[in-house]
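Down below is the structure, laid out as structure tokens.
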Amino acid sequence: MIPFLDLKQLNEPHQPAIKQSIERVLASGWYILGREVETFERQFAAYCQTRHCIGVANGLDALTLVLKAWDFPANSEAIVASNAYIASVLSITHAGLIPIFVEPDPQTYLLDPARIEAVITSRTKAILPVHLYGRCCAMEPINTLAKRYHLKVLEDAAQAHGAIYSSKEYGHRRAGNLADAAGWSFYPSKNLGALGDAGAITTNDDALAEKLRALRNYGSTHKYVNEYIGQNSRLDELQAAVLSAKLPLLDKENARRRELAKRYLTGIQHPDITLPLADQPDHDAWHLFVIQHPQRDDFRNYLRERGIGTDIHYPIPPHHQHAYAEFAHLSLPIAEQLQQTVISLPLNPTLTDAEVTYIIETINLKRERAKE
Ligand SMILES: *Cc1c(COP(=O)(O)O)cnc(C)c1O
């Protein structure tokens, strides 16, 4: 059996460092917003090459808090890809904004900059590019448009820890340092995952960072003094300590993900399968390896019968969710089609070469069968 993802196995190489971190927090007697959080914030800001990192309770809060901090008028609009993860859309509506869905480029699965300008109105205030599956959106054209229309840009970097964007003007830059701010999740299955919920915001904006530090803690700048109507979205010391223990291995783990992704990219040869675009395999964080198959469910069963676990990211597009019945009338054919054809293969740093060989052979064997 090759499971799609085994979280226990994923944390196995980190166990000694994690145990030390937990001991340290226990010995300190300090549990929320303390030295461990400050240390991790400093380390993660340095990793992303940003001026600030603000630890929060989870990824959804990270995105929501930034949109709230910008204080847009009610019913302002935020642009997001139609195939985004539900949390990206939730952050927009939680902040009192209206999501405007733009179809992705079906090759990259990412917000298509060429389709953005057509939906910009006087109510548009922000663009939320989601670096889905670990690949950075086309940030230079997105930022250029945003500048022209005076829009804020918030990266949803929850799947892109360590991903790189490069262009002539930007050089090589890490996700999280590509817009006005970025929201991060450290949910256990992410490339950098805690032992529970955790999140962060990175930004180079000093005033925004200061406001976010208050907003995550009841809107308080000094104890019992409240500047804003904030919320409780504090990062705890244990999760911060665990993240600090795991961060030094992130680049090595991402390198392994890239190695495995490249094996899939060259090894899988099947006329029915569309592989993800791989023009920059050494830049992507490869949070997920998502292929497309026209008979996705049959294909998934075929793999399951041969002991290979897969997952679907995601089976229902946001505008077809019950929770968002108000958007059910929208026609977003690219997102709707992707949701029927995408399937994620196992990809994580603990996957062995032999396992990947078996997965590739099993997939290619299906082609031979189909020919007979
Ligand atoms: C995981 C994820 C989130 C939300 O993170 P949580 O910590 O689960 O709240 C947001 N956006 C994307 C793209 C994600 O993958």
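The first residue of the sequence shown is numbered 1, and numbering continues consecutively from there. In each ligand, atom 1 is the first atom listed, and ligand 1 is the first ligand listed.
Using a cut-off of 4.0 Å between Lys/Arg side-chain N and Asp/Glu carboxylate O, Arg216 and Asp61 are scored as not salt-bridged. Ion pairing of Arg256 with Asp353 is present here, as a side-chain N (NZ or NE/NH1/NH2) and a carboxylate O approach within less than 4.0 Å. Salt bridge status for Arg35 with Glu237: absent, with no side-chain N to carboxylate O gap under 4.0 Å.
Of the options Leu338, Ile343, Asp272, a side chain to side chain contact (heavy atoms under 4.5 Å, CB included) to Gln292 is made by Leu338 and by none of the others.
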Give every pair made of an N or O atom of ligand 1 and a protein N or O atom lying under 3.5 Å apart, one pair per line with both atom names and the distance to 0.1 Å, or write 'none'.
from     : atom 1 : to     : atom 2 : distance (Å)
ligand 1 : 5 (O)  : Ser185 : OG     : 3.2
ligand 1 : 7 (O)  : Gly59  : N      : 2.8
ligand 1 : 7 (O)  : Ser185 : OG     : 2.7
ligand 1 : 9 (O)  : Gly59  : N      : 3.3
ligand 1 : 9 (O)  : Leu60  : N      : 2.9
ligand 1 : 11 (N) : Asp156 : OD1    : 3.2
ligand 1 : 11 (N) : Asp156 : OD2    : 2.7
ligand 1 : 15 (O) : Gln159 : NE2    : 2.8
ligand 1 : 15 (O) : Lys190 : NZ     : 2.6

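Residues Asn204 and Thr50 have side chains that never bring a donor and an acceptor to within less than 3.5 angstrom of each other.
Residues Tyr218 and Val66 do not share a hydrophobic cluster, defined by chaining ILVMFWY side chains whose heavy atoms lie under 4.5 Å apart.
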